[in-house]
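To start, the structure itself, in structure tokens.
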Protein chains: 2
Amino acid sequence: MFAEHGFRAATVRQICDRAGANVAAINYHFRDKETLYGEVVRYASARVVETYPFDPKPKGATPELRLRALVRNYLMRFFDPNLAWYGKLICRELAEPTDFFEEIVESDVRHYADQLTEAVKEFLGDEISSERLRMCSNSVAGQCLLYPYTRLILARLYPDDVITTDFIDRLVEHITQFSIAGLRGTRKRAAGKRRRISRTNGRPSASQILKTNRSSARPPD
Amino acid sequence: MFAEHGFRAATVRQICDRAGANVAAINYHFRDKETLYGEVVRYASARVVETYPFDPKPKGATPELRLRALVRNYLMRFFDPNLAWYGKLICRELAEPTDFFEEIVESDVRHYADQLTEAVKEFLGDEISSERLRMCSNSVAGQCLLYPYTRLILARLYPDDVITTDFIDRLVEHITQFSIAGLRGTRKRAAGKRRRISRTNGRPSASQILKTNRSSARPPD
DNA sequence: AGCTCCTTCAAACAGCCGCTTGACTTTTTT
DNA sequence: AAAAAAGTCAAGCGGCTGTTTGAAGGAGCT
């Protein structure tokens, strides 16, 4: 229910109805709705990590095999039918974190991100700047996460597309090859990189922080 | 309020408080909360498209310039301080569509996607298969959308990173170069592509549809 | 001035929300 | 078998939700 409707929209009455239990059961077995949600989130995260571990091909594998395995994990995490609702729940937390999100990031997301960064580093070498490394790692992650995140949009844009196991296979292959080519291109370019000159004839313009919190740039009243 | 808290969580009382209006004003000027939200969504979408049009460099530009301009638009749509709340609202709709989302997809998202596909096609040639074209286009879009989508996650993973105009500049450059290298790599590979053989000695295994709706694969009771 | 039309307002409405209560049944322990 | 603990249940609580009401204000007109 939480995965399908979100924390707020999933009511304790609906949850208990589906579970065949009385509404008071939630407050008896768990303290309240929020604590129950916390347990669900923790359980979901554990099952996902259990089935798709952080580093599926740690030792003795070529960089390409490691990257491919990581890409497959990133995707299967969200499309494995047995873990579909887990994936949706995590996805919901990624898009709109609750109080339990910090916990998920630290115990789950960060490990995935680190493993991906490590795998990417094997293509770029150790001298790469941390910013560029992160951008590259994000480029791979973004390609994977687009599909679960914008699932409903893609379904509407391309109604005929159905996600099958074969499609996932082809997608893993595409993202892996696209990324490897991208990484190699980036490495080459980073080596012979020229200093970018801002438009105001030579003098670099002041960098402006782009705030996105509520204090800035409200809609017109 | 809708952008910050979502449709459900933003209450009419909060909205009217901030607007300095009476709660009945919503039902007088608009019919109800949902209609108001529809107007807001439509307005937000219009402002975004107005400021960052679908195809910023349509004619007489090299493929690279077109792609770079599109990438910049994809990012600025969500990080422009003047349009930050617009971006969040659209982002929220992308992650969890309401009844008004179909309208947004058809009047907004689809055009962006089509323009990106067109720009990508210039790198791949016309003989490319529609699936591969879509995958490539999605690879570019995914790299851009990761940043607004997982804004809060990235902020937690890398607390020191601050998004500045300079960072956006470098990011646009990275995604453009990464994508071009990826596209060229894909083109090369697509030309000399070998038929993939499934593991079950030669005979292709049956492709399984991965359903992600509620009817399949529920959590344990 | 009187009149009409548009707009604002405090108050209240019905409905759903998470949560609690106290009586009841079932299971476990002594 | 008696006592204690654990679990279930219908009913109801206060609080918040979107929406409605009927009265009051105010600008522009003849």
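Side-chain contact, A:Thr117 with A:Asp114: no donor N or O sits under 3.5 Å from an acceptor N or O. At a cut-off of 3.5 Å, with distance as the only test, no side-chain donor of A:Gln208 or B:Thr165 sits close to an acceptor on the other residue.
No engagement by A:Ala9 is indicated, since no non-hydrogen atom pair under 4.0 Å with the nucleic acid exists.
A salt bridge links A:Glu39 with A:Arg42; the closest basic N to acidic carboxylate O contact falls under 4.0 Å. Between A:Arg47 and A:Glu50, at least one side-chain N (NZ, or NE/NH1/NH2) sits under 4.0 Å from a carboxylate O, which counts as a salt bridge. Under the 4.0 Å criterion applied to side-chain N and carboxylate O atoms, A:Asp108 and A:Arg77 are assigned as salt-bridge partners. A salt bridge does not link B:Glu118 with B:Arg66: none of the charged nitrogens is closer than 4.0 Å to a carboxylate oxygen.
Atom P of nucleotide D:dG18 and atom NE2 of B:His5 are separated by 13 Å, given to the nearest angstrom. Going from atom CG of B:Asp17 over to atom P of D:dG18 covers 12 Å, rounded to whole Å. If you measure from atom CZ of A:Phe30 to atom P of C:dT20, you get 15 Å, rounded to the nearest angstrom. The nearest whole Å value for the distance from the CZ atom in B:Arg31 to the C1' atom in D:dG18 is 14 Å. C:dT8 atom P lies 13 Å from atom CD1 of B:Ile26, rounded to whole Å.
The two residues A:Val120 and A:Ser137 come nearest to each other via the heavy atoms CG2-CA, 4.1 Å. Nearest heavy atoms, B:Val48 versus B:Leu83: CA-CD2, 3.7 Å.
Each end of the helix from C:dA1-D:dT30 to C:dT30-D:dA1 gets its own axis, taken as the rotation carrying the C1' atoms of four end pairs onto the next four within a five-pair window, and the two axes meet at 10° to the nearest 10 degrees.
Regarding contacts with the backbone of D:dT8, every side-chain N or O of A:Asn22 stays at 4.0 angstrom or more from both OP1 and OP2. Remark: A:His29 is not in phosphate contact with D:dA6, judged by side-chain N or O atoms under 4.0 Å from OP1 or OP2.
The nucleotide whose nearest atom lies closest to any side-chain atom of A:Ala24 is, among C:dT21, C:dC17, D:dA11, C:dT21.
No side-chain donor-acceptor contact under 3.5 Å links A:Asn73 to the backbone of A:Phe54.
Residues from residues 32-39 of chain A lying near DNA chain D, meaning a heavy-atom separation below 4.0 Å, are absent.
Between A:Arg13 and A:Tyr28, the residue anchored nearer the 5' end of DNA chain D, judged by the nucleotide with its closest heavy atom, is A:Tyr28. Position along DNA chain C of the nearest nucleotide to A:Arg8 versus B:Ala21 favours B:Ala21 as the more 5'-ward residue.
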